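Being a predicted model, the structure only gives us computed values, none of them experimental.
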Amino acid sequence: MGQKGAETRDRLLDATQELIEAGGYFGAGLNQVIAASGAPRGSLYFHFPGGKDQLVGESVRRAGGMIGDALGGLAGSSPSVAEFVDGVLRHLGDRLEESGWRKGCPVATVALEMAATSDPLHEACSEVYASWQEALRAQLSGRPDADDLAVTVLALVEGALLLARAHRSRGPLDSVSRQIGALLALTRPA
């Protein structure tokens, strides 16, 4: 694929991600993706012969990778797990607020709407969540409860994003950050 083809593919994925985050799977119709991307209809089927589920699955994986990259960057610069999680919540809060409360989690809406009915989308959502959980578990390495805490922290982050979006407020993110810090202090290994 040449540079023009790669640019068209990226525009299709960018438009899909924007539409999914704003309106979910059903808010990202192919006509809307084509209109938002400016790509010709034929390009959509050329780059995504599997149709909408392939397009959305790749968009979810791509967006998940971007968040994962941010997690990786924060991991190296945070002296403690609590500060790492606080940095993650600040990053996600900035992203959410800068988008006018439209960009919460790039995976959650698709997972809620489609994971039970579409195997390809279930796999994409599961892969992204597993990678984020692994990034959290790596920060908790050496703790016997690292796996359980990683799931707990991820669930708290996802819930905080949902509430922040619903309330159009960073308050839930700030509350969860404080509570995760307290939880980690309480469950510190001996």
Side-chain angles (χ1 to χ4, degrees), residues 13-14 17-18 20-22 24-25 56-116 121-190:
L13 288 168
D14 289 343
Q17 181 181 341
E18 290 287 327
I20 286 169
E21 287 196 60
Y25 178 88
V56 170
E58 289 190 34
S59 176
V60 164
R61 284 184 177 96
R62 185 172 178 247
M66 290 177 190
I67 300 290
D69 290 345
L71 294 176
L74 290 167
S77 64
S78 302
S80 73
V81 178
E83 289 171 326
F84 167 72
V85 174
D86 183 63
V88 168
L89 287 164
R90 275 195 322 267
H91 171 76
L92 294 172
D94 291 346
R95 184 176 180 277
L96 181 58
E97 193 169 8
E98 288 166 6
S99 72
W101 308 102
R102 296 172 57 92
K103 286 186 176 184
C105 175
V107 181
T109 305
V110 174
L112 289 169
E113 291 178 339
M114 298 301 298
L121 294 177
H122 162 261
E123 290 169 14
C125 293
S126 181
E127 286 171 20
V128 171
Y129 279 134
S131 71
W132 293 349
Q133 186 177 327
E134 177 54 31
L136 290 166
R137 193 201 59 70
Q139 289 296 302
L140 296 159
S141 66
R143 295 178 64 128
D145 58 353
D147 290 331
D148 289 344
L149 276 173
V151 171
T152 301
V153 168
L154 182 56
L156 288 168
V157 168
E158 283 294 305
L161 280 171
L162 176 65
L163 291 172
R165 188 171 179 188
H167 296 303
R168 294 182 181 179
S169 167
R170 292 179 81 116
L173 299 167
D174 297 338
S175 294
V176 163
S177 180
R178 287 189 300 273
Q179 290 305 308
I180 288 173
L183 171 68
L184 293 172
L186 286 174
T187 61
R188 203 166 281 188

- So, does Trp132 use its side chain to make a donor-acceptor pair with the main chain of Gly64 at under 3.5 Å? yes
- Task: Mind running side chain to side chain contact (heavy atoms under 4.5 Å, CB included) on Trp101 and Leu96 for me, showing each step along the way?
- Result: CA-CA 5 Å; Trp101 308 102; Leu96 181 58; 3.4 Å; yes
- Task: Over all heavy atoms of both residues, which pair between Arg95 and Gly104 is shortest? Give the atoms and the distance, please.
- Result: NH1-O, 2.8 Å
- Grab the two heavy atoms, one from Cys105 and one from Glu21, that are nearest each other, plus how far apart they are. C-OE1, 4.3 Å
- Message: Testing Leu140, Leu136, Ile180, Leu154 one by one against Leu149 for a side chain to side chain contact (heavy atoms under 4.5 Å, CB included), which residue passes?
- Response: Leu140
- Query: Are any of the side-chain nitrogens in Arg137 or Glu134 under 4.0 Å away from the carboxylate oxygens of its partner?
  - Reply: yes
- Heavy-atom side-chain contact between Val176 and Val85 under 4.5 Å: no
- Salt bridge check: are Arg178 and Asp174 linked by an N-O gap of less than 4.0 Å? no
- Item | Atom NE2 of His122 with >12 non-hydrogen neighbours under 6.0 angstrom | no
- Item | Partner of Lys103 under side-chain hydrogen bond (donor to acceptor under 3.5 Å, both in side chains), chosen from Glu97, Glu98, Glu18 | Glu18
- Query: Can Leu184 and Arg143 be said to form a side chain to side chain contact (heavy atoms under 4.5 Å, CB included), step by step?
  - Reply: CA-CA 11 Å; Leu184 293 172; Arg143 295 178 64 128; 4.3 Å; yes
- Query: His91 and Ala70: which non-hydrogen atoms are nearest, and at how many Å?
  - Reply: NE2-CB, 3.5 Å
